[in-house]
Amino acid sequence: MNRHNSQRHHPRAPETGKTQQGAPQQAAPEILGSWQRCIEDYHLDPGRSLRVPRLSDSELQEARSLQDSLLHSADPVFERLRHLGGNSGYCVLVSDANGIVLREYIDSNRGQELAEKGLSVGTVWSENLVGTNGLGTCLATGEALTVYAGEHFGRELQRFSCSSAPLIAPDGDIIGTLDISTYAQGDKIGQGLALNLVCDTADQIEAAMFRYAYARHHLLALVRSPLADAGQSNALLAVNDSGWILGATSAALLQLGVLERCLIVGQGLATLTGASLEDVQRAPWSLQQGQGSGCWLMRLAGDTPRPHAPAPAASNSAARPHIDSQLYRAAGGDPTLQRNADICHRVLNRDICILLQGETGTGKEVWARAIHDSSARHDKPFVTLNCAAIPESLIESELFGYSAGTFTGGLKGGKVGKIEASNGGTLFLDEIGDMPLMLQARLLRVLAEGEITPLGQIKPVRIDLHVICATHRDLAGAVAQGEFREDLYYRISGVRIGLLSLRERQDRLALIEQVFAQLRESDSVVLDAQALQVLGNYHWPGNIRQLKNALQFALCMCDGRAVRITDLPDEVFPPAPGEPVCQDVSSVPDAAAVPPHRLVSLGASATTPADGASATEQEGEAAQILGALQQHRWVVIRAAQALGISRSTLHRKIRKYGLTDA
Ligand SMILES: Nc1ncnc2c1ncn2[C@@H]1O[C@H](COP(=O)(O)OP(=O)(O)OP(=O)(O)O)[C@@H](O)[C@H]1O
């Protein structure tokens, strides 16, 4: 929910009676709802005292490091708030999405006293732990609100008044809260100013993060007058070179009267506003009618997208990202992935094992290589072992190597294993979820002890390497099923990075254009707008790999000037009536433009039945895979390319269906 909904609510007058549950009788619905959750869902007892939990220093440090970009972008805004609130008896808190207070600003009068009462860094305010409270209830409802005196669930908190607003990331996720707290004095109406102040400040923080996240795109501001200073506006849109809207701040949604981000992200600027990017860059554009009428759209002063702009300076400059690093290129314009890139940079050179999780083709190997290349080990080997692509019986010797004469049939001089080969550099263990249990124990020992003993050898070899693992599987689930060792899971997942599927990426359209630009042989071939829209609407089960195949196909089919809708492979169109519908397919905007299904498609469908797929679907998939393998004479890499899936996924499926070339 949007914090601005509640900005329009005025805090209610104090209440007298109590509900049966003990909440103030005339409290606002969000307060009554919270009390109900506390009793019915969290089973908290309003009669008992509730202790506010506090994290240890190391836990707090970890929580803070994950919110680095929030804290960094928001610093100047917090400073201003501190200045405004100076000596007025308030304390200002910033929490993450779990209600952990990451930062506090305490004024010299009552603030210190409030901090001693528990309103301080390291405390945890989630509603399920401490009941109805400003921070926790704001996180639970997604709305800005004031929790005043007796509206607090815990008796100890009923002396306070807490006004909180959600902090919203560029992708629309709530990543924390901003809270102003003081002693409750007078009535709740008197807290209206504090509530407006946190809402306005939260908007500024969101705008600061948004400007940082979309520094490489065009930023436009919505303002009330053509003479306004666009730099002061929190209502921002990010647009790519082709005029597609990539993102919008909450304030922009409010000005445009749009309820959900997804209703405008991915739309053309011209469709939404009637203005092209060039129009707005030339002069402020007045929105005459429809969404946002009465507003003006302006470019931000000095807005020139900086493909290779340096990241803003930060506290830990040694570990700070340089925006032109490979990691940032892999993250593209998606704010979630940019945060992931930030996290990877933070842990660079600390030899913390990184676990990359994501569907097939989302770029896990690209990220692993980017992490290696950005690290101090970049001039040392980067060695990959795909645990799904080699038979179980060979993984051990591949990993650990063997000395001369260990096996009949082994190499004469022995073989250096992947672990030893990556000594000094990075070992990338792809599809780690497919590693046999017995080897998991050996790998764990290697990671713990920092040495290996190759098969047939007695003397251990010391090793120094950084391990990055990847999987498309739910490893935590595999641990619960007893299929993956819990201790190894925790060892390899020092930092977990979730890579988004192509359909989840906010920069999807820009990425499609970028991959197209990489694949075309001449700059004179363009991707037609309608074709781009169809590609943007497709659900891409094989992700970027499948996208590359589809674009390669389209480039072969086109007339050498433009890739049009008729050049695209069949798979990217919604199924014809009667065909099974895939759940993620969005409707194609211009159905009349969809060509009749063709008989041949080089980039054959990569649709992969989920685990719960019916026997018929599985049979169908097995037959499709076998067909591709036979067509490509069992050259797995080629068959995988034709199917739009990775080599490792294909190996897994060959094993799953017991396919052979006999
Ligand atoms: N950001 C990107 N921009 C352009 N191409 C990309 C990007 N990320 C990945 N790719 C391309 O997509 C394809 C798949 O990438 P990659 O092999 O890293 O995926 P993966 O997640 O490791 O796949 P799998 O799990 O199936 O092994 C590769 O051809 C890679 O070059």
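In what follows, every heavy atom counts, from backbone to side chain, and hydrogens, waters and symmetry copies are set aside. Atoms within each ligand, like the ligands themselves, are counted from 1 in listed order.
- A donor-acceptor pair shorter than 3.5 Å can be found between the side chains of Glu431 and His472.
- Short contacts between ligand 1 and Asp430, defined as distances under 4.0 Å to a heavy atom of the residue, involve ligand atoms 27 (O).
- No side-chain donor-acceptor contact under 3.5 Å links Gln338 and Tyr214.
- At least one N/O-N/O distance between Thr360 and ligand 1 falls below 3.5 Å.
- One option in Asp507, Thr362, Leu547, Val366 has a heavy atom closer to atom 30 (C) of ligand 1 than any other, and that option is Val366.
- Side-chain atoms of Arg505 come within 3.5 Å of backbone N or O of Ala331 as a donor-acceptor pair.
- Note that CG of Asp351 and CZ of Arg377 are 4.5 Å apart. Values are rounded to the nearest 0.5 Å.
- Contact annotation: His472 has no heavy atom less than 4.0 Å from any atom of ligand 1.
- A donor-acceptor pair under 3.5 Å links the side-chain atoms of Lys364 to the main chain of Glu359, judged by distance alone.
- Counted by atom type alone, Gln546 and Tyr538 present one or more donor-acceptor pairs between their side chains at under 3.5 Å.
- By the 3.5 Å distance cut-off applied to N or O atoms, Val515 is not counted among the residues near ligand 1.
- With hydrogens and angles left out, the side-chain atoms of Tyr657 and Glu621 include a donor and acceptor closer than 3.5 Å.
- When Lys364, Gln357, Glu359 are checked for heavy-atom proximity to atom 20 (P) of ligand 1, Lys364 turns out nearest.
- Residue Glu431 has at least one heavy-atom neighbour below 4.0 Å for each of these atoms of ligand 1: 25 (O).
- Put simply, the side chain of His217 never gets that close to the backbone of Leu246: no donor and acceptor are under 3.5 Å apart.
- Ligand 1 has no N or O atom lying under 3.5 Å from any N or O atom of Gln518, backbone or side chain.
- Distances below 4.0 Å separate heavy atoms of Ala330 from the following atoms of ligand 1: 1 (N).
- For the pair Gly332 and ligand 1, no heavy-atom separation below 4.0 Å is found.
- Checked by distance only, ligand 1 and Ile544 stay at 3.5 Å or farther apart across all their nitrogen or oxygen atoms.
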